[in-house]
Amino acid sequence: QVQLVESGGGLVQAGGSLRLSCAASGSIVNVNTMGWYHQVPGKQREWVASITRGGSTDYADSVKGRFTISRDNAKNTMYLQMNSLKSEDTGVYYCHANVYSARWGNNNHWGQGTQVTVSS
């Protein structure tokens, strides 16, 4: 079993900052590419940013220059530093990871989500 647990969401004023964390635990050999996704009610989950095990990053155009994704491989933890937050950043942020475990091989996993609310 592999679990992803997000933390760090909350309420912030427009222009403010938040830092999200996602910790992977369980039967893990390697955590490969990790990513963050954003979802608002009634809409599909959208990709925000991703980071490979080697540290290569990619961002959606809507967050470039404002969000920074990073990870600590020793802790199997990923972060999302969110700056200059806008009201449209409001929603639930989900952590995603491709994890290799000895028993289950490569599988994709999702966290339970953390709510971010940006007030204008």
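The figures that follow rest on heavy atoms only: side chains count, while hydrogens, waters and symmetry mates do not. Throughout, numbering of the chain's residues begins at 1 and tracks the sequence.
- No continuous path of hydrophobic side-chain contacts links Leu4 to Trp36 [ILVMFWY only; heavy atoms under 4.5 Å].
- Heavy-atom minimum distance, Gly91 versus Tyr93: O-CD1, 3.7 Å.
- If you look at Tyr37 and Trp110, their ring centroids are closer than 6.0 Å.
- Proximity of Ile28 to Asn76: side-chain heavy atoms (C-beta onward) are separated by under 4.5 Å at one or more points.
- Side-chain atoms of Arg53 come within 3.5 Å of backbone atoms of Val31 as a donor-acceptor pair (strictly under, hydrogens ignored).
- Under the 3.5 Å distance criterion, the side-chain polar atoms of Asp72 are matched with a main-chain donor or acceptor of Ala74.
- When all heavy atoms of Ser27 and Ser101 are compared, the pair lying nearest together is O-CB, 2.7 Å.
- Under a cut-off of 6.0 angstrom, the local environment of CD in Gln81 is crowded, with over 12 non-hydrogen atoms contributed by other residues, nucleotides or ligands.
- Taking both residues in full, the closest heavy atoms of Met34 and Ala97 are given as CG-CB, 4.0 Å, listed atom of the first, atom of the second, then distance.
- Looking at heavy atoms from C-beta onward, Ile69 lies in side-chain contact with Met78 at the 4.5 angstrom threshold.
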Exercise. Could you go through the side-chain contact (heavy atoms from CB on, under 4.5 Å) check for Thr117 and Val12 one step at a time?
Key: CA-CA 6 Å; Thr117 303; Val12 64; over 6 Å; no
Exercise. With side-chain contact (heavy atoms from CB on, under 4.5 Å) as the test, would you mind laying out the steps for Phe67 and Leu85 before giving the verdict?
Key: CA-CA 9 Å; Phe67 292 6; Leu85 282 161; 3.8 Å; yes
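- With rounding to the nearest 0.5 Å, the separation of CG in Asn98 from OG in Ser50 is 12.0 Å.
- Rounded to the nearest 0.5 angstrom, Glu6 CD and Ser21 OG are separated by 10.0 Å.
- Shortest non-hydrogen contact noted between Ser120 and Ala14 is CA-CB, 4.2 Å.
- A single hydrophobic cluster is not seen to contain both Val92 and Tyr79; linkage of ILVMFWY side chains at heavy-atom distances under 4.5 Å, directly or through other members, places them apart.
- Proximity of Val116 to Thr90: side-chain heavy atoms (C-beta onward) are nowhere separated by under 4.5 Å.
- With rounding to the nearest 0.5 angstrom, the OG1 atom of Thr68 is 6.5 Å from the CG atom of Asn83.
- In terms of modelled atom types and a separation under 3.5 Å, the side chain of Tyr94 and the main chain of Thr114 share no donor-acceptor contact.
- Considering OG of Ser87 and CD of Gln13, their distance stands at 12.5 Å, rounded to 0.5 Å.
- For the atom pair NZ of Lys64 and CG of Asp58, the computed distance is 6.5 Å after rounding to the nearest 0.5 Å.
- For the pair Met82 and Ser17, the minimum side-chain heavy-atom distance is 4.5 Å or more.
- The shortest distance between side-chain heavy atoms of Tyr59 and Val48 does not fall below 4.5 Å.
- Leu80 places none of its side-chain heavy atoms less than 4.5 Å from the side chain of Arg19.
- Residues Asn106 and Asn32 are in side-chain contact: their nearest non-hydrogen atoms beyond the backbone lie under 4.5 Å apart.
- Put simply, the side chain of His109 never gets that close to the backbone of His96: no donor and acceptor are under 3.5 Å apart.
- The backbone N or O of Val40 lies less than 3.5 Å from no partner atom in the side chain of Arg45, so there is not a single donor-acceptor pair.
- With rounding to the nearest 0.5 Å, the separation of CH2 in Trp47 from NE2 in His38 is 14.5 Å.
- Counting all heavy atoms, side chain and backbone alike, Leu20 lies closest to Gly9 at CD2-N, 3.6 Å.
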